[in-house]
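Okay, structure first, notes after.
When a ligand or atom number is given, it counts from 1 through the structure's own listing order.
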Amino acid sequence: MKQAPYDVVIVGAGITGLALGLALHQGGLRVRVLEHAPLARFVPEPGFDSRIYALSRSSQAFLQQVGGWEQQDASRLQPILGMEIWGDRQGRLQFGAAQHSHRAGSPRAAPQAQGTIVEAGAMLEGLLRVMRVEAPDLVQVPETVLAVEHEPAGLLLRLQRGAPLRCALLVAADGVGSPVRAHMGVSATFKAYDHQALVANYRTSGPHGGLARQWFSAGEVLALLPLPGNHVSLVWSARKAHARRLLEKTPAQRMAAIEGVIGPSVEAGPEALAAPQLLEELTTPQGFDLRLMRPDTLVLPRFALVGDAAHGVHPMAGQGLNLGLQDAATLATVLLHRGWGPDCGDWSLLRRYARARQEPIALMQGLTDGLYRLFDSEQWGLPLWRNWGMNRVNQWGWLKNRLMAHANTGSQ
Ligand SMILES: Cc1cc2nc3c(=O)[nH]c(=O)nc-3n(C[C@H](O)[C@H](O)[C@H](O)COP(=O)(O)OP(=O)(O)OC[C@H]3O[C@@H](n4cnc5c(N)ncnc54)[C@H](O)[C@@H]3O)c2cc1C
């Protein structure tokens with residue numbers, strides 16, 4: 001039977017699609033990545049990229065494996081040493097360095113990083129740098145798939161600009177709206193959240209101690225994530241009408257609004273670790289609409305979904321890209337260890353990939369959607385119960401360790 005010229009064609013050269021493309025190329029497969037937008041070069045600025053990601057240790061390991069991590073400027077990476085989460089009625093959860101920081105005098109080892117903050121543009125640029133050296137022809141741009149035909153030995157992809165391509169497996173890594181997913185007939189359920197995420201960077205009055213801080217307040221979630229030096233990144237998932245008003249404010253008014261949310265919780269307990277004060281807004285705030293997206297399936301014969309094309313999650317847990325990179329790492333492992341028999345589009349391989357990813361994805365979507373609904377409701381008694389629950393979880397070391405392990409590995 002005639003072999004398809006490409007083992008795998010990936011649509012979408014975001015971080016997920018590029019990292020998967022590199023991993024498969026490095027494993028000896030014939031791979032092509034199609035991207036419809038120009039590949040912009042990232043030029044670092046003193047104030048840091050306003051799109052930043054909190055990446056888990058397993059995401060870091062995968063990016064190290066493909067070479068993108070080594071391309072990062074270490075002085076612009078920020079380890080997350082701990083987390084502190086505030087409820088809306090004095091509920092509180094602490095992880096890592098945050099839970100030790102109040103026990104003055106008790107000897108303790110240097111805290112282990114729970115994850116690392118990276119700049120979105122710098123990570124993409126790092127992967128592109130690896131590509132330029134190792135596989136200059138990996139990405140075909142600007143290009144996209146217009147039609148897909150099934151043939152006996154694979155798929156025939158008709159492209160917008162170039163000649164048709166044949167492949168054993170087509171992978172959609174083209175984001176949450178995924179045109180390729182729709183084109184292949186996979187339907188998806190969308191639920192729009194009444195939240196818009198505002199992101200911007202700030203200079204602070206003092207050190208943040210490497211702590212990621214998060215406040216649940218009035219049905220909204222405000223996070224201040226540490227950046228190198230005295231800088232933090234704001235991710236404020238605010239109700240849409242409120243978000244619009246926040247975007248219209250002056251930087252000083254916005255900083256006052258932020259302090260208005262974090263101030264009361266910081267003063268709530270005598271042992272509270274104060275978040276540093278915001279001094280200056282460094283980047284113009286951007287707003288992102290948020291939605292939950294669940295496709296009917298992760299795989300079809302000769303077709304697989306990865307990254308945001310496979311799942312839309314609320315960013316309150318900072319796990320969207322982490323899930324996507326674990327999709328890519330899992331699919332790469334399945335394809336590269338398939339042995340001599342099946343080609344990359346083999347149905348049993350794709351089902352193995354889907355089985356491995358279904359549960360971690362469902363768990364993260366369930367957790368973030370559940371928290372959104374839990375803190376969205378003011379039903380009688382609920383605010384007290386949810387804050388009581390947070391304080392109980394805070395006392396259960398084993399449960400917190402399991403939650404951290406899950407966030408870091410994406411496994412059970
Ligand atoms: C406010 C906010 C904060 C977040 N914070 C975190 C965090 O801290 N940690 C974390 O893990 N995640 C976080 N996320 C989630 C993260 O941003 C996404 O999960 C991640 O960017 C998805 O990457 P991707 O490569 O799968 O998709 P995308 O980044 O959407 O890339 C898709 C690519 O496909 C291309 N494309 C689209 N359509 C086509 C087509 N028809 N043909 C060819 N190419 C196409 C696009 O141009 C793009 O290059 C956050 C999200 C938001 C909104």
Side-chain angles (χ1 to χ4, degrees), residues 9-21 32-40 49-56 58-60 62-63 78 80 83 114-121 123-124 127-128 139-146 148 157 159-162 170-184 193 195-200 212 214 221-223 225-227 233-238 243 285-291 293 305-328 361 364-365 368 407-408 410:
V9 170
I10 302 165
V11 183
I15 293 177
T16 309
L18 259 184
L20 175 62
R32 183 51 57 112
V33 182
L34 308 177
E35 169 61 50
H36 70 170
L39 301 176
D49 191 352
S50 59
R51 289 306 312 270
I52 56 107
Y53 297 128
L55 292 187
S56 65
S58 49
S59 293
Q60 176 175 344
F62 182 56
L63 290 165
Q78 172 63 51
I80 304 170
M83 287 171 62
Q114 318 277 314
T116 306
I117 304 279
V118 303
E119 292 172 274
M123 186 50 72
L124 198 58
L127 291 168
L128 287 171
V139 180
Q140 192 168 326
V141 60
E143 192 55 276
T144 192
V145 173
L146 289 186
V148 180
L157 311 180
L159 307 185
Q160 190 170 40
R161 290 181 175 77
L170 174 65
V171 177
D174 50 349
V176 73
S178 182
V180 172
R181 184 186 62 223
H183 190 80
M184 293 299 284
Y193 290 117
H195 271 178
Q196 194 178 43
L198 257 57
V199 300
Q214 195 166 39
V221 196
L222 188 157
L225 305 174
L227 291 174
S233 162
L234 168 80
V235 184
W236 189 346
S237 301
Q286 298 177 45
F288 297 88
D289 286 336
L290 305 180
R291 52 193 172 161
M293 188 282 293
L305 298 167
V306 295
D308 274 18
H311 37 72
V313 293
H314 194 292
M316 69 170 81
Q319 289 296 325
L321 183 58
N322 286 307
L323 281 177
L325 289 170
Q326 290 318 302
D327 300 340
I361 293 169
M364 191 50 69
Q365 290 188 315
T368 50
N408 265 309

I need the contact type for [X] against ligand 1. Using non-hydrogen atoms and a strict under-4.0 Å cut-off, is it side chain, backbone, both or neither?
| X | answer |
| --- | --- |
| Val180 | neither |
| Val11 | side chain |
| Ala173 | backbone |

Atom indices of ligand 1, in the order listed, that fall short of 4.0 Å to a heavy atom of [X]:
| X | result |
| --- | --- |
| Gly307 | 26 (O) |
| Val199 | 1 (C) |
| Ile15 | 25 (O) |
| Thr144 | 40 (C), 41 (N), 42 (N), 43 (C) |
| Leu34 | 43 (C), 44 (N) |
| Glu143 | 43 (C) |
| Gly320 | 10 (C), 11 (O), 12 (N), 15 (C), 19 (O) |

If only atom types and distance count, is the side chain of [X] paired as donor or acceptor with the main-chain N or O of [Y] below 3.5 Å?
| X | Y | result |
| --- | --- | --- |
| Gln365 | Met293 | yes |
| Arg181 | Val176 | yes |
| Glu119 | Gly121 | no |

Check your understanding: Is there a nitrogen or oxygen of Ala197 sitting under 3.5 Å from a nitrogen or oxygen of ligand 1?
Key -> no

Review point. Going by distance only, is there an N or O of Val176 that falls short of 3.5 Å from an N or O of ligand 1?
Key: no

Review point. Is ligand 1 less than 4.0 angstrom away from at least one heavy atom of Pro179?
Key: yes

Practice item. Quick one: list whatever passes side chain to side chain contact (heavy atoms under 4.5 Å, CB included) with Ala172, sequence neighbours left out. Key: Asp174, Ser178, Val180, Phe303, Leu305, Ala309

**Study point:** Qualifying residues under side chain to side chain contact (heavy atoms under 4.5 Å, CB included), relative to Ala120, sequence neighbours excluded
**Key:** Asp49, Arg51, Tyr53

Point to revise | atom 19 (O) of ligand 1: any protein heavy atom closer than 4.0 Å | key: yes

Starting from [atom], which protein heavy atom do you reach first, and at what distance in Å?
| atom | result |
| --- | --- |
| atom 4 (C) of ligand 1 | Pro315 CB, 3.8 Å |
| atom 44 (N) of ligand 1 | His36 N, 3.3 Å |
| atom 13 (C) of ligand 1 | Tyr53 CD2, 3.7 Å |

Review point. Does any non-hydrogen side-chain atom of Leu128 lie less than 4.5 Å from one of Leu18?
Key: yes

Review point. Is there a side-chain contact between Val33 and Gln140 (heavy atoms, below 4.5 Å)?
Key: no

Check your understanding: Heavy atoms only: which of Glu35, Arg291, Gln140 is nearest to atom 47 (O) of ligand 1?
Key -> Glu35

Point to revise | Of the listed options Leu321, Val118, Ile52, closest to atom 12 (N) of ligand 1 (non-hydrogen atoms) | key: Leu321

Exercise for review: Report the C-alpha distance between Leu63 and Met123 in whole Å, list the side-chain angles of each, state the deciding distance to 0.1 Å, and finish with yes or no for side chain to side chain contact (heavy atoms under 4.5 Å, CB included).
Suggested key: CA-CA 9 Å; Leu63 290 165; Met123 186 50 72; 4.0 Å; yes

Interatomic spacing from [atom1] in [X] to [atom2] in [Y] - rounded to 0.5 Å:
| X | Y | atom1 | atom2 | result |
| --- | --- | --- | --- | --- |
| Ile10 | Leu20 | CD1 | CG | 4.0 Å |
| Leu39 | Leu127 | CG | CG | 11.5 Å |
| Asp308 | Leu321 | CG | CG | 8.0 Å |

Exercise for review: May I ask you to check whether Thr368 and Gln319 show a side-chain donor-acceptor distance below 3.5 Å?
Suggested key: no

